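Beneath this line is the structure, given in structure tokens, with notes to follow.
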Amino acid sequence: MKTSNKILLAIGLFALAFIAAMTVIFCVKGSVPDTLIQYTLGAGGVEALLLAGIKISKILSGDKPGESEEPYHE
């Protein structure tokens with residue numbers, strides 16, 4: 001599994017757990033910390049955008065995984 005996929009999986013699992021925790025807090029307390037939600041989910045979005053930018057730059061530069069700079073010669 002690629003590192004970027006591991007990072008996206010971790011972000012997704014964290015977001016799922018965070019949303020579940022905020023739902024429980026809302027059910028118990030009747031309100032949620034709006035600023036905490038905004039910044040936490042916003043940071044995950046920024047991380048995902050940065051990973052997308054890295055992927056796009058690799059595609060545009062022609063860098064393909066598993067491909068070396070020099071062709072293989074026998």
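Since the structure is predicted, the reported quantities are computational estimates derived from the model, not experimental observations.
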For I7, the rest of its hydrophobic cluster, which grows through side-chain links under 4.5 angstrom: L8, I11, L51
Hydrophobic cluster of V46, others only, ordered by chain and residue number, side-chain cut-off 4.5 Å: L50
Validation: residues 14-40 side-chain donor-acceptor distances under 3.5 Å, sequence neighbours left out:
from	atom 1	to	atom 2	distance (Å)
T23	OG1	I19	O	2.8
T40	OG1	L36	O	2.7

